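Every value quoted in this text rests on a predicted model; they were computed, and no experiment measured them. Letters go in sequence order (proteins before strands), and every chain restarts at 1.
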Number of protein chains: 4
Amino acid sequence: MNGKSMPLTESNPPLTEAAAKQENSMPKKTAILHSAQEVFGQHGYSTTTMKMVAEKAGVAFGLVAHYYGNKESLFITAGFSMIDDLLATLSHKTRKARSGLDGVRLFVESYLTFTQEHRRTFPVLIRCSPFSDVELPAERERIAEKFLEIIHALQAFVRRGQQDGSINPELPEAETAFLIYSNIVGAVRTTMITPYNVPGLYAETVRYVVRSLSVAAESSIPPFLRPSSLVD
Amino acid sequence: MNGKSMPLTESNPPLTEAAAKQENSMPKKTAILHSAQEVFGQHGYSTTTMKMVAEKAGVAFGLVAHYYGNKESLFITAGFSMIDDLLATLSHKTRKARSGLDGVRLFVESYLTFTQEHRRTFPVLIRCSPFSDVELPAERERIAEKFLEIIHALQAFVRRGQQDGSINPELPEAETAFLIYSNIVGAVRTTMITPYNVPGLYAETVRYVVRSLSVAAESSIPPFLRPSSLVD
Amino acid sequence: MNGKSMPLTESNPPLTEAAAKQENSMPKKTAILHSAQEVFGQHGYSTTTMKMVAEKAGVAFGLVAHYYGNKESLFITAGFSMIDDLLATLSHKTRKARSGLDGVRLFVESYLTFTQEHRRTFPVLIRCSPFSDVELPAERERIAEKFLEIIHALQAFVRRGQQDGSINPELPEAETAFLIYSNIVGAVRTTMITPYNVPGLYAETVRYVVRSLSVAAESSIPPFLRPSSLVD
Amino acid sequence: MNGKSMPLTESNPPLTEAAAKQENSMPKKTAILHSAQEVFGQHGYSTTTMKMVAEKAGVAFGLVAHYYGNKESLFITAGFSMIDDLLATLSHKTRKARSGLDGVRLFVESYLTFTQEHRRTFPVLIRCSPFSDVELPAERERIAEKFLEIIHALQAFVRRGQQDGSINPELPEAETAFLIYSNIVGAVRTTMITPYNVPGLYAETVRYVVRSLSVAAESSIPPFLRPSSLVD
DNA sequence: TATGAATGAGCGTTCATTCAT
DNA sequence: TATGAATGAACGCTCATTCAT
């Protein structure tokens with residue numbers, strides 16, 4: 001036996017993605033959830049079919065129902081599991097914040113980094129979000145409630161920053177948290193689901209947010225720019 | 001005029017919405033487009049059916065196809081028509097801007113006001129947006145291109161502000177335009193499609209944006225908060 | 001011209017049943033209902049598929065849903081339409097009853113005759129009956145209520161017979177009506193859906209019922225056979 | 001025996017029905033058959049699932065197939081086992097009949113009593129009957145043959161009654177047996193599966209049958225009521 | 001004996017689309 | 001211009017059955 005022409009392992013060259021998942025001996029149940037995150041993320045709820053998920057996972061489509069009941073429940077499970085992963089990461093990455101503003105900064109940075117490290121699966125969160133199309137009216141409230149966990153975490157840092165002097169004390173807590181979150185979501189969506197290419201967007205998002213919260217920002221604004229008659 | 005055969009009041013009390021549209025003698029073609037905007041806005045692309053649109057417009061469903069060909073084309077037409085209306089309004093409302101920053105402010109305010117004045121139909125734009133679910137991969141590029149008109153209008157004010165000294169000259173033009181737009185979109189979505197109730201959000205959005213663009217904002221940020229290793 | 005070998009009409013020899021229905025220029029909506037009665041009657045609710053109904057009617061299966069909504073509603077419509085036909089016939093055939101007992105006799109005879117004259121479609125009533133499998137729990141009450149029309153018609157003749165002296169006055173009205181109906185149903189089911197062959201059953205059913213209602217019947221029964229401890 | 005480690009009471013308060021079956025140390029194989037009778041009886045063949053049977057029996061659903069092969073065979077086994085129980089009871093309860101008519105009476109009474117004493121499981125016989133929906137065309141003949149055992153037992157008493165003078169000698173044996181059975185089946189179905197409430201039905205059924213078989217019944221019927229042109 | 005993971009045929013249903021009128 | 005009958009691809013889902021453990 002010589003090593004020249006014999007493959008060392010009988011590696012199966014055109015390994016499909018589905019086969020790959022089985023190859024890693026990822027349990028089928030896990031493979032299905034993972035595939036669901038990818039496919040829902042890529043196509044959204046309606047356009048995704050159970051067959052697509054099953055095929056990507058390399059299993060019979062009946063198995064998807066076996067483990068996750070139905071499409072709606074699979075979608076919610078896929079989305080919520082992603083939220084839980086994200087929250088765990090955010091909580092870990094922001095635990096050493098030196099101030100409220102620093103916490104906000106770490107929060108935004110970690111969030112954006114998390115999306116980069118979960119390129120394939122993160123978009124499921126964009127679909128399973130109260131800011132997205134309401135294709136599951138029945139689950140609207142549950143999703144919204146779950147998402148509040150993210151926004152409240154952000155709001156807590158705003159409050160802390162207003163107490164420790166790192167954030168402009170005049171800002172309304174809740175509104176500010178929503179606006180920061182808007183910037184995060186906007187940056188992520190622009191990068192992940194639009195065809196636009198805005199290379200510096202993630203880095204600039206952090207600066208944009210920090211500037212708006214900083215204590216000096218307001219002082220330089222000419223008076224006529226301040227009032228607004230807008231009412232929701 | 002005699003009272004003989006005239007009904008005293010021609011009030012038709014239980015007038016359905018569909019009937020109302022015909023009543024105003026709105027041409028059927030227009031009624032269909034208007035209904036399409038409402039229904040697509042409320043339910044999204046996939047969930048909307050041609051029958052829903054026809055019923056809301058009070059016409060036979062065959063007529064929808066007769067005028068607009070197919071669902072996809074109806075959707076695009078409904079969305080683009082909304083964009084065009086929006087752009088016209090924005091262009092008109094911002095023509096008296098005193099400076100770049102003032103232009104940004106007017107832009108944001110007018111945008112938000114526009115959504116309030118088109119509560120029923122505006123959501124079609126949320127669905128027909130490159131930042132939303134890509135349920136029509138074939139039209140993704142066209143939609144994205146159309147939307148750039150909005151973002152470029154915003155970017156033009158940023159540039160002008162950096163030239164006239166009303167906006168921090170160090171900000172990257174494109175990224176900043178996208179971030180401002182994030183705040184607009186976030187505020188609108190929060191108000192129109194989430195179950196959250198954040199009463200001061202629209203007014204605060206204007207201030208949040210203006211603060212971040214103002215020339216003094218950056219100076220108050222401690223150095224360690226500035227750098228960011230984030231790369232898209 | 002001679003009639004010997006030329007077909008008078010270009011009759012299409014292997015005419016399928018479906019084609020035949022179209023041939024008679026029976027409207028498609030009617031053809032579907034008729035086919036539904038046949039197929040539901042032959043196979044029961046669960047075993048029948050929409051495809052079977054559509055094929056027998058010679059139409060695309062989508063048209064079934066177009067006209068009748070869904071399987072359940074098609075089933076109910078098919079069954080109730082048969083009940084209505086039956087009731088109309090019974091009411092017509094019994095209008096000349098000379099007495100209550102004669103009315104019962106005419107009722108039973110007409111009922112049995114009706115089943116013979118609707119051999120293909122009548123069995124739908126056997127399936128869509130409160131005495132049959134409850135495969136549509138949701139419709140159980142409605143079906144039961146509809147069927148009472150039949151039983152009440154019978155009961156009215158029993159009452160009349162007790163008043164005019166043709167029927168044993170000691171019989172309990174309601175129970176007797178149910179028992180007569182049992183004999184009808186039993187005879188029809190035996191003939192139409194079991195493999196048994198009991199040639200004289202229909203004729204004997206009439207006699208069996210009439211004997212049990214007659215005024216002399218009870219007198220000949222030895223006392224020890226009368227009491228019964230049965231309680232429902 | 002010491003009390004140290006023994007729980008004072010091994011009471012397991014919220015015992016589910018499934019758990020109860022295991023508790024009685026009913027062998028699992030028996031528990032499955034019993035559950036099958038209940039579930040098939042309640043829901044019919046098509047609507048019943050193997051999982052429902054397994055759950056009610058408190059066993060893994062694989063075990064059902066392990067013992068009974070497939071759904072069809074489980075159904076037949078469940079139904080035939082009920083027929084065998086019924087026949088044994090009838091044969092025992094009618095063995096002291098004083099005459100043919102008395103035998104018929106005992107037969108009907110015992111049959112009705114049996115259904116009352118097997119409220120939960122008897123309905124399986126209603127489903128697995130040639131007079132019911134033919135959802136198992138393949139087994140139609142076998143079921144019909146098995147059921148003949150019941151009808152023939154009845155017919156034997158009719159014959160005996162005609163010989164011993166307790167039953168009208170002019171009645172056709174087979175038809176009469178079928179008609180008596182119609183009354184039994186009708187009473188049972190009315191009570192067990194319809195929503196009707198007819199309290200005296202069981203007791204009246206016995207009298208209704210006996211009257212119709214009695215020797216005096218026919219004499220009181222006016223001639224014009226006798227003939228019938230009905231042919232099956 | 002006992003389990004439940006895994007499969008896929010077949011179901012009811014939805015709905016965009018076409019077309020004769 | 002306006003209608004709605006008619007079609008059938010494609011969907012989510014159920015569930016009997018098989019089989020490795």
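- For dG4(E), neither phosphate oxygen OP1 nor OP2 lies less than 4.0 angstrom from any side-chain nitrogen or oxygen of Y67(A).
- Residues K51(D) and K29(C) each lie close to DNA chain F; by heavy-atom proximity, the contact nearer the 5' end of the strand is made by K29(C).
- For dA20(F), the paired base is dT3(E) (Watson-Crick or G-U wobble, both distances below 3.5 Å).
- We find that NZ of K28(A) is positioned 13 Å from C1' of dG4(E), with the value rounded to whole Å.
- Nucleic acid contact for S73(B): none, since no nucleic acid atom lies under 4.0 Å from a heavy atom of the residue.
- With DNA chain E read from its 5' end, the first of the two nearest nucleotides for G62(B) and A65(C) is the one closest to A65(C).
- Comparing dT18(F), dC15(F), dT3(F) by their closest approach to the side chain of L63(B) singles out dT3(F).
- Checking T49(B) against V64(A), the closest nucleotide of DNA chain E that is more toward the 5' end is the one next to V64(A).
- The CD1-C1' distance, from I32(B) to dA2(F), rounds to 10 Å in whole Å.
- When distances are taken from the side chain of M50(C) to each of dA6(E), dT7(F), dT13(E), the shortest belongs to dT13(E).
- As a whole-Å value, the separation of Y68(C) OH from dA6(F) C1' is 15 Å.
- Side-chain contact check for E135(B) and S46(B): at least one donor-acceptor pair (N or O, by modelled atom type) lies under 3.5 Å.
- For the pair F75(C) CZ and dT13(E) P, the interatomic distance rounds to 14 Å; values are reported in whole Å.
- Closest contact between the side chain of V59(B) and the listed nucleotides dT3(F), dA6(F), dT18(E) involves dT3(F).
- Seen from the ring of Y45(D), K71(D) counts as a face-on cation partner, given the 6.0 Å and 45° thresholds.
- Residues P27(A) and T30(A) meet the side-chain proximity criterion, which asks for heavy atoms closer than 4.5 Å.
- A donor-acceptor distance shorter than 3.5 angstrom exists from the side chain of R127(C) to the backbone of G41(C), with no hydrogens or angles considered.
- Look at NE2 on H43(B): it is 11 Å from P on dC15(E), rounded to the nearest Å.
- To the nearest angstrom, P of dA16(E) lies 13 Å from CD of E135(B).
- Protein atom CG of L136(A) is 12 Å distant from nucleotide atom P of dG12(F), rounded to whole Å.
- Each of G69(A) and F61(B) was matched to the nucleotide of DNA chain F holding its nearest heavy atom; the match closer to the 5' end belongs to F61(B).
- Here the side chain of K71(A) is nearest to one of dT14(E), dT7(E), dC13(F), namely dC13(F).
- Using a 4.0 Å heavy-atom criterion, one finds that T47(A) contacts no nucleic acid atom at all.
- Between the CZ atom of F40(B) and the C1' atom of dA16(E) there is a distance of 11 Å, rounded to whole Å.
- Across all their heavy atoms, A54(D) and V64(D) have their closest contact at CB-CG2, 3.8 Å.
- Proximity of H66(C) to the phosphate of dG4(F): no side-chain N or O atom is located under 4.0 Å from OP1 or OP2.
- To the nearest 0.5 Å, atoms CZ (F40(C)) and CD1 (I76(C)) are separated by 9.5 Å.
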